[in-house]
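The structure appears right after this line, and notes come after that.
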There are 2 protein chains.
Amino acid sequence: MVDVAALAGVSVKTVSRVVNNAPYVQPEVAQRVLAAVAELGFRRNHLASSLRSGQATATIGLLIEEIANPFYATIAGAVAEVASEHDTMLLIASSEENPAREQQLLRDLCARQVDGLLVVPAGDDHAFLCSEVERGTPAVFLDRPAGGLPADTVLLDNRGGANAGVRQLVELGHRRVGILLDSTAIYTMRERLAGARDALTAAGLADDRLIRYGIRDPETAARVVGELLDEPEPPSAFFALNNRISLGAVEELHRRGSDAALLGFDDFDLSRLLPYPFTVVAYDTRTLARTAAELLFRRIQGDRSAPRDLLIPTELVDRGLPRR
Amino acid sequence: MVDVAALAGVSVKTVSRVVNNAPYVQPEVAQRVLAAVAELGFRRNHLASSLRSGQATATIGLLIEEIANPFYATIAGAVAEVASEHDTMLLIASSEENPAREQQLLRDLCARQVDGLLVVPAGDDHAFLCSEVERGTPAVFLDRPAGGLPADTVLLDNRGGANAGVRQLVELGHRRVGILLDSTAIYTMRERLAGARDALTAAGLADDRLIRYGIRDPETAARVVGELLDEPEPPSAFFALNNRISLGAVEELHRRGSDAALLGFDDFDLSRLLPYPFTVVAYDTRTLARTAAELLFRRIQGDRSAPRDLLIPTELVDRGLPRR
DNA sequence: TCCCAGGCTGACAACGTTGTCAGATCCTCG
DNA sequence: CGAGGATCTGACAACGTTGTCAGCCTGGGA
């Protein structure tokens with residue numbers, strides 16, 4: 001900038017004014033400066049700029065579990081879109097479901113003076129963010145609630161969606177519903193399970209022996225479905241609590257030519273091409289992410305109202321559920 | 001930092017030494033400083049730090065077309081992994097296939113003093129990056145070549161993969177191969193088409209009337225496949241140049257109960273569940289991205305050797321190709 | 001005894017930018 | 001013709017940190 005100023009025969013302050021197109025610069029002086037900028041290939045140092053002028057790095061931090069996962073990729077895409085509408089860049093970090101790493105990364109993002117944080121939490125204690133938030137770095141949590149920190153939260157209606165889906169199974173006459181899930185250590189699994197249980201309990205059909213935990217991949221899901229079907233009193237319907245599990249269930253049911261009803265949580269792209277009909281509790285991931293991002297930008301722009309908890313609705317997409 | 005220094009009764013420089021755990025600080029002084037840091041909730045300002053100490057923002061920029069697209073999400077994931085191994089954060093921007101936006105975003109990333117750039121180019125002229133590169137911000141291009149800029153490039157073996165796949169079709173006795181692609185404005189499409197044509201020409205089977213352009217979505221692909229099959233002399237095999245096109249082709253061939261051979265470029269997750277057998281020219285997106293990222297970090301660490309062009313091999317994954 | 005090396009500390013300037021303020025010029029209006 | 005505002009410009013300090021350097025102390029060897 002000093003060089004540009006020298007070449008244009010003005011002060012650095014005037015160069016600053018020109019590159020920020022501030023008012024009160026004579027057009028011909030501005031021309032000279034711009035010529036010098038072009039000649040020297042000058043580019044303003046954004047770091048120095050935001051260091052001097054207080055905050056506003058025009059950057060937000062997004063913390064997710066893993067970028068390559070389509071769910072998080074969709075979130076990242078929607079957030080990037082909203083960020084771009086606000087001329088803001090996106091710093092992305094992956095916690096890999098590791099709370100210690102999450103904490104480390106969030107601290108690092110704050111150290112980089114991001115204007116705000118969007119977090120899909122991995123750990124369950126975020127008290128360490130309190131001081132940052134108080135100091136003016138707003139944080140919005142999505143998909144899972146924050147722990148130990150009053151902050152905005154945007155969640156899916158996991159419980160309501162699961163409840164509606166299972167109620168539908170019950171209405172179709174199913175009396176034994178196999179429930180397949182990963183770990184109850186995961187917030188979304190707990191909520192979906194609770195919703196399903198509520199529906200079954202209301203119908204007097206709750207039976208914990210039909211709940212299978214710890215299913216992490218399609219292969220395990222397929223095996224567990226097989227085991228349940230081989231029991232003396234097999235379920236006539238299955239509820240898969242996420243889409244990896246749904247996938248395995250589809251494979252096994254198809255392989256056996258079963259006529260069991262299959263309900264899944266989470267839609268996925270190719271579901272209409274799959275060889276077994278199944279109905280899903282669907283939701284719009286982009287809406288989840290956009291809602292959270294828009295809330296964050298309202299905070300960044302100075303909204304200091306009380307933390308909000310928003311719920312994104314789910315929808316039952318019926319692609320065929322056999323009656324019992 | 002001034003406050004921490006005051007509270008600990010030392011100079012700011014000593015605080016700086018402690019937070020950077022530099023040598024030559026008495027353990028008990030360091031203790032006092034750390035206590036003050038904890039009490040005040042001090043966090044080092046990474047902006048100021050990298051402004052003062054020259055470069056090394058420990059941040060790289062990744063420019064892709066669209067984060068939500070699984071191909072780019074996989075790239076982003078692999079890049080994030082390599083970045084994390086180098087204690088570096090990732091600034092992600094989406095060009096949305098718009099060259100003007102690409103240029104704007106790349107400039108912005110440079111202004112943010114990233115240590116390096118990873119670019120999946122949208123435009124075909126990147127001469128404007130020359131000055132940045134000369135000034136020491138290395139750039140590595142992946143999936144598509146850079147234009148007007150000598151820079152490292154990591155590409156897929158599009159031509160070789162397409163060639164091998166089509167040669168296989170020819171060996172199985174197919175004489176009429178329908179080729180389905182998006183626009184030849186896209187580098188990868190041009191290369192794949194060239195590879196396919198080479199194989200057909202070598203066998204004396206080239207027939208441009210069987211090439212269909214401008215296919216952007218599965219629906220169009222399905223329609224075009226139908227049209228080709230309805231011709232008096234229909235193809236006995238199809239080559240779909242990307243996976244959106246493959247998907248439409250699968251649907252239509254399945255719907256008609258056709259026995260045509262289907263070859264696709266790009267594998268995808270659920271392909272083994274699809275209702276029609278098809279063989280793909282597959283590649284490892286993660287390898288593509290990791291290779292590029294690792295090359296970038298070598299550059300960042302000071303490797304000044306001549307720009308390299310790397311080719312990531314493809315593999316023919318046979319899931320069934322009917323003979324003619 | 002002195003000297004010097006090594007450990008430890010702080011004052012100061014600087015990174016590249018912009019906010020503040022004061023000064024200079026020009027125009028307009030009373 | 002003068003006052004006062006609008007327009008334009010630059011000197012200077014400051015943002016939060018770290019590199020440089022000088023200085024202090026302690027201990028050990030000559």
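Convention: sequence-line order gives letters A, B, ...; per-chain numbering from 1.
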| message | Salt bridge or not between A/R308 and A/D303? Use side-chain N to carboxylate O under 4.0 Å. | response | yes
| message | For a quick check of understanding: with a heavy-atom distance under 4.0 Å over all strands, which category does B/S16 fall into, base, sugar-phosphate or nothing? | response | base
| note | Heavy-atom nearest pair, B/E65 first then B/V120, reads OE2-O, 4.5 Å
| task | Considering non-hydrogen atoms only, spot the tightest contact between B/A306 and B/D152 and give its length. | result | O-OD1, 4.4 Å
| query | Contact class for A/V29 (heavy atom, under 4.0 Å): base, sugar-phosphate, or nothing? | reply | sugar-phosphate
| task | Shoot me the first and last contacting nucleotide of DNA chain C against chain B, ordered 5' to 3', at under 4.0 angstrom to non-hydrogen atoms. | result | C/dG7 to C/dG16
| Can we say A/R107 and A/E102 salt-bridge, meaning some charged N sits less than 4.0 Å from an Asp/Glu carboxylate O? | no
| request: Specify the residue among B/L51 and B/Y24 whose closest nucleotide of DNA chain C lies further upstream toward the 5′ end. | output: B/Y24
| query | Looking only at heavy atoms, what is the nearest atom pair of A/D125 and A/A127, with distance? | reply | OD1-N, 3.1 Å
| message | Judged by each residue's nearest nucleotide on DNA chain C, which is more toward the 5′ side, B/V12 or B/V25? | response | B/V25
| request: Would you mind classifying the nucleic acid contact of A/R44 as base, sugar-phosphate or nothing, using non-hydrogen atoms under 4.0 angstrom? | output: sugar-phosphate
| query | Do NZ/NE/NH1/NH2 and the carboxylate oxygens of B/E294 and B/R299 come within less than 4.0 Å? | reply | no
| If you pin A/A48 and B/R52 to their nearest nucleotides in DNA chain D, which one's is more 5'? | A/A48
| note | Walking DNA chain D from its 5' end, the first of B/R17 and B/N20 to be reached, judged by nearest nucleotide, is B/N20
